[in-house]
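Notes for the one structure printed next.
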Amino acid sequence: MADQVRVRYAPSPTGEPHVGNMRTALFTWLFARNMGGIFILRIEDTDQSRKVEGVIEQFLDALRWLGMDWDEGPEVGGDHGPYIQSQRLAGYHQAADELLEAGEAYRCYCTIERLAEMRQEQNRLNRQTGYDRRCRHLSSQERRGREAERGEWVVRFAMPLEGTTRVTDLIRGEVSFENRLIDDFVILKSDGFPTYHLAVVVDDHKMEISHVLRAEEWLPSTPRHLLICRALGWEPPKFAHLPMILAPDRSKLSKRHGATSVLEYRQMGYLPNAMVNFLALMGWSLDDKTDLFSTGDLVRHFSIERVGRSGAVFNLDKLNWLNGHYTRQLTPEELTDRLLDYWRRYLPEEVPALPDGAYLLRIVPLIHERLKTLKDAAPLVAFFFKQEAQYESQELVQKGMDAEGTRLALSGALESLSGVKAFDADAIEAVLRPLAEDLGVKVGQLFGSLRIATTGLRVSPPLFETLEVLGKERSLAAVRDALARL
RNA sequence: GCCCCUAUCGUCUAGUGGACCAGGACAGCGGCCUUUCAAGCCGCAAACACGGAUUCGAAUUCCGUUGGGGGCACCA
């Protein structure tokens with residue numbers, strides 16, 4: 001039990017579940033599953049002012065979409081609950097009181113205004129910013145005075161004034177920080193809520209967390225967490241700070257770089273297993289040749305030792321390739337179901353209504369290997385669901401042809417196709433190819449005109465199969481219509 | 001300004017002192033296939049940031065420089 005791996009993913013409901021967050025969640029989950037450990041979900045909602053409604057649900061939704069299940073946390077419970085920090089206030093107060101008692105923390109009565117002024121001044125003088133410890137050595141009489149006067153205060157951790165704190169990071173090795181360069185940070189806010197620094201330490205301890213996997217941006221505050229742990233007499237968890245996910249310009253990934261929420265990728269038609277595979281490759285690798293991993297493969301092979309140390313640029317090209325790969329991997333039935341599910345959720349404007357599954361299943365093989373995302377399907381298949389093909393009449397005339405030649409070609413096609421009994425791709429091809437030769441036109445020219453006439457598209461699924469699915473009647477009607485337009 | 005992390009093809013990366021005139025993947029380019037577009041196959045181009053040091057030998061170790069990133073809130 002003592003060496004049971006217990007890890008947590010602890011999102012803060014202040015923004016969307018963006019790809020960086022989810023990569024952290026994924027690595028944490030993979031580590032838990034690989035080690036046969038417990039994966040805990042904890043909501044860190046200690047900032048009342050920045051809380052955004054509905055975001056917790058988005059995180060749960062995103063986790064589920066990517067196939068990550070949690071053993072303890074919201075909706076599933078567990079022995080270490082509640083799993084929402086705003087419901088665990090008593091524990092933080094108790095820890096703060098203990099620190100106060102032991103002289104490891106103190107009440108600070110400085111106003112926000114004074115703090116802001118102080119910071120501004122420090123910046124102006126190009127000096128190191130940080131709390132000036134004005135309230136650290138107040139006499140008890142002074143404290144009584146301030147308390148009567150202000151009525152509220154924060155609790156600050158009393159940093160050791162000297163010495164160094166060493167962090168042992170599973171990814172980066174030993175990292176040292178000089179205590180004197182860290183200020184007396186707030187652990188309990190005046191609204192009675194803890195800051196992240198206190199809450200994370202208290203909860204990781206109470207939830208018996210063995211390893212903390214989090215983004216690299218937390219590395220500089222790790223000595224604070226270690227020091228709080230030490231002051232409370234607790235054994236700290238092991239730490240692993242994951243490399244950041246960067247935008248193409250190598251800055252921190254943000255909204256201005258496009259989609260950042262993984263849910264937006266679902267909306268854009270990406271498959272969850274492609275997203276998981278992609279995210280896993282952002283900062284982790286197995287060897288020098290493997291880049292296709294199922295979730296099961298990842299669980300089997302994941303290890304912190306193989307996590308990289310430098311930031312990784314979010315590479316949409318690779319995601320697209322992976323998505324195309326996994327899409328092609330689907331059976332036609334599976335892809336049909338995915339498409340139907342996708343359209344049920346986000347009906348594209350090209351498609352008038354959710355199509356019949358059996359009919360869609362006949363269409364799917366024609367577009368299967370042409371899709372990078374589910375979103376690509378609609379424009380490619382929309383004509384199947386419309387009464388007539390939509391195009392500009394002059395598009396019928398192919399390069400190197402004139403209107404008269406096109407008319408001849410199309411009426412020839414009309415005649416040939418009329419004679420086809422079993423209207424399938426092979427039979428259609430069997431009459432159309434010789435026709436091109438008889439007409440003395442290139443197959444590309446004949447087929448191009450027919451493609452426009454029947455689909456309205458310059459780029460379409462393969463012609464013969466398309467005609468087969470369209471059926472003889474609709475195909476002939478389309479050619480007649482084209483003839484009329486010439 | 002101070003602190004911390006980091007540095008291999010455009011991108012994701014393999015590489016833990018000799019097996020590396022550096023391997024894979026995506027993207028790019030060329031070709032094949034081909035009714036369009038894809039897919040597929042074959043091929044090409046493309047990197048150890050720089051400078052010192054250690055060593056018989058360095059992409060790999062150390063130091064420095066430079067670049068990039070992160071942190072320095074009553075935000076997480």
Side-chain angles (χ1 to χ4, degrees), chain A residues 10-15 44-47 49-50 108 110-112 115-116 119 122-123 125-131 152-156 167 169 171-172 175-178 181-183 185-191 193-197 199-200 214-223 241 243-244 246 248-252 278 281-292 306 308-322 324-325 328 367-372 376 380 429 432-433 436 442-448 450-452 455 457-464:
Chain A
S12 175
T14 52
E44 309 217 324
D45 60 341
T46 55
D47 186 342
S49 59
R50 292 206 313 157
C108 167
C110 295
T111 63
I112 299 238
L115 262 16
R119 204 161 19 241
Q122 287 166 338
N123 275 326
L125 297 172
N126 245 333
R127 295 210 11 202
Q128 189 188 325
T129 55
Y131 182 55
E152 62 172 41
W153 56 80
V154 300
V155 176
R156 287 182 185 273
V167 175
D169 186 275
I171 294 170
R172 284 153 224 286
V175 185
S176 305
F177 297 87
E178 285 198 60
L181 297 174
I182 304 174
D183 74 347
F185 55 99
V186 175
I187 56 176
L188 205 62
K189 298 182 266 189
S190 57
D191 65 359
F193 278 74
T195 59
Y196 173 84
H197 302 305
V200 75
R214 53 169 33 159
E216 189 189 350
E217 55 188 324
W218 290 110
L219 188 54
S221 40
T222 306
H241 288 91
M244 308 269 293
L246 276 22
D249 64 359
R250 301 205 79 88
S251 68
K252 200 171 176 174
F278 175 68
L281 259 17
M282 298 263 87
W284 176 86
S285 65
L286 176 65
D287 54 30
D288 61 344
K289 49 179 74 70
T290 321
D291 44 21
L292 255 20
R306 296 208 57 86
R309 287 169 301 171
S310 52
V313 172
F314 188 90
N315 180 201
L316 197 61
D317 281 329
K318 186 100 168 196
L319 209 211
N320 284 334
W321 174 75
L322 281 167
H325 171 81
R328 272 169 251 129
I367 58 165
H368 203 146
E369 64 191 21
R370 292 171 170 74
L371 303 184
K372 277 210 293 280
D376 294 341
L380 233 35
E429 181 168 11
L432 255 23
R433 280 197 191 280
K442 290 184 182 145
V443 287
Q445 294 173 317
L446 203 220
F447 298 169
L450 269 176
R451 185 188 313 286
I452 293 290
T455 69
L457 301 171
R458 287 174 187 282
V459 173
S460 81
L463 185 60
F464 315 129

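Chain letters run A, B, ... following the sequence lines, proteins first, then strands; residues in each count from 1. In what follows, every heavy atom counts, from backbone to side chain, and hydrogens, waters and symmetry copies are set aside.
Here A/Ser285 pairs with A/Arg306 under the side-chain contact (heavy atoms from CB on, under 4.5 Å) rule; sequence neighbours left out. Here A/Arg214 pairs with nothing under the salt bridge (charged side-chain N to carboxylate O under 4.0 Å, His left out) rule; sequence neighbours left out. Partners of A/Asp45 by salt bridge (charged side-chain N to carboxylate O under 4.0 Å, His left out), not counting sequence neighbours, listed by chain and number: A/Lys51. Contacts of A/Phe177 classified as ring pair (Phe, Tyr, Trp, His ring centres under 6.0 Å), with partners at least two apart in sequence or in another chain: none. Taking A/Arg309 as the reference, nothing meets the salt bridge (charged side-chain N to carboxylate O under 4.0 Å, His left out) condition, with sequence neighbours excluded. The ring pair (Phe, Tyr, Trp, His ring centres under 6.0 Å) test applied to A/Phe314 returns A/Tyr265, A/Phe278, not counting sequence neighbours. With sequence neighbours left out, the salt bridge (charged side-chain N to carboxylate O under 4.0 Å, His left out) criterion links A/Asp376 to no other residue. For the side-chain hydrogen bond (donor to acceptor under 3.5 Å, both in side chains) test, no residue two or more places apart in sequence or in another chain qualifies with A/Lys442. Legend: residues meeting side-chain contact (heavy atoms from CB on, under 4.5 Å) with A/Glu178, ordered by chain and number and at least two apart, are A/Thr164, A/Arg180, A/Leu181.
Here the nucleotide nearest the side chain of A/Arg328, chosen from B/U11, B/A39, B/C74, is B/A39. Of the candidate nucleotides B/U11, B/C75, B/A39, B/U11 has the atom nearest to the side chain of A/Val313. Nearest nucleotide to the A/Arg433 side chain, out of B/U34, B/G69, B/C12: B/U34. Closest to the A/Arg250 side chain, of the nucleotides B/A73, B/G68, B/C75, is B/G68.
Computed from coordinates, the A/Ile187 CD1 to B/C75 P distance equals 13 Å when rounded to whole Å. As rounded to whole Å, 18 Å separates atom P of B/U11 from atom CG of A/Asp291. Distance A/Trp218 CH2 to B/G70 P: 14 Å, rounded to the nearest Å. Taking atom NE2 of A/His197 as the reference point, atom P of B/A73 lies 9 Å away to the nearest angstrom.
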Report all interatomic pairs (protein N or O, nucleotide N or O of nucleotides 46-49 of chain B) with separations under 3.5 Å.
none

With the criterion being N/O to N/O and under 3.5 Å, what pairs connect the protein with nucleotides 3-9 of chain B, and how long is each?
{"from": "B/C5", "atom 1": "O2'", "to": "A/Arg172", "atom 2": "NH1", "distance (Å)": "2.7"}
{"from": "B/C5", "atom 1": "O2'", "to": "A/Glu216", "atom 2": "OE2", "distance (Å)": "2.7"}

For nucleotides 27-30 of chain B, tabulate all protein N/O to nucleotide N/O atom pairs closer than 3.5 Å, reporting atom names and distance.
none

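For the pair A/Asn123 and A/Pro461, both in contact range of RNA chain B, the more 5′-proximal nearest nucleotide belongs to A/Asn123.
Remark: the separation of the P atoms in B/C32 and B/A38 is 16 Å, to the nearest Å.
Considering only side-chain N and O atoms, A/Lys189 lies under 4.0 angstrom from the phosphate OP1 or OP2 of B/A76.
Counting any heavy atom pair closer than 4.0 Å across all strands shown, A/Pro462 reaches a base atom.
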